[in-house]
Amino acid sequence: MSKNKGIVSLHGKQYKTVVLRVNEFRTEKNFQGFGIKTKILDYGFQTGFVVVQAFITDPNDRVIGAGLAEEKRGAGNINK
């Protein structure tokens, strides 16, 4: 992936896309054998909000980090 590919401008700031960040994680030598697992907690069919939980696992498949993300379906250009 080229250096500028995967960078988007939002509200005057430069952001790395999820694809670029995941690629960097997977190719970083310090994280070889680590993994990312995701779980959809709410598809947003009734509320319009999609909720996803992500887990970072070490080479022994132990969870060493977790996070949640919530996005409104169709909100802004990114989610359309």
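Each residue takes its place number in the sequence, starting with 1. On a predicted model such as this, the values are computed, not experimentally measured, just so you know.
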(request) Any ring pair (Phe, Tyr, Trp, His ring centres under 6.0 Å) involving residues 44-72? Give me the pairs, sequence neighbours left out, ordered by first then second residue. (result) Y43-F45
(request) Give, for atom CD1 of I36 and atom OG1 of T38, the distance between the pair rounded to the nearest 0.5 Å. (result) 9.0 Å
(message) Test of understanding: with side-chain contact (heavy atoms from CB on, under 4.5 Å), list the residues that count as partners of S9, not counting sequence neighbours.
(response) Q14
(message) Are V22 and F34 connected into the same hydrophobic cluster when the rule is that any two of I, L, V, M, F, W, Y join if their side-chain heavy atoms are below 4.5 Å apart?
(response) yes
(request) Identify, with sequence neighbours excluded, every residue that meets salt bridge (charged side-chain N to carboxylate O under 4.0 Å, His left out) alongside D42. (result) none
(message) To check you understand the geometry: which heavy-atom pair defines the closest contact between L20 and G6, and what is its length?
(response) CD2-O, 3.5 Å
(message) I'd like to know if the side chain of R21 and the backbone of K16 have a donor-acceptor N/O pair within less than 3.5 Å.
(response) yes
(message) With ring pair (Phe, Tyr, Trp, His ring centres under 6.0 Å) as the rule and sequence neighbours excluded, what pairs involving residues 7-28 come up?
(response) F25-F31
(message) Going by the rule salt bridge (charged side-chain N to carboxylate O under 4.0 Å, His left out), which residues pair with E70 if we only count those two or more places apart in sequence or in a different chain?
(response) none
(request) Could you check if a side-chain atom of T17 sits within less than 4.5 angstrom of a side-chain atom of K5, using non-hydrogen atoms only? (result) no
(message) Quick one, V50 and L41 - any side-chain contact, counting heavy atoms below 4.5 Å?
(response) no
(request) Enumerate the residue pairs fulfilling side chain to side chain donor-acceptor pair (under 3.5 Å) with a member in residues 46-61, sequence neighbours excluded, ordered by first and then second residue. (result) K37-D61, D58-R62
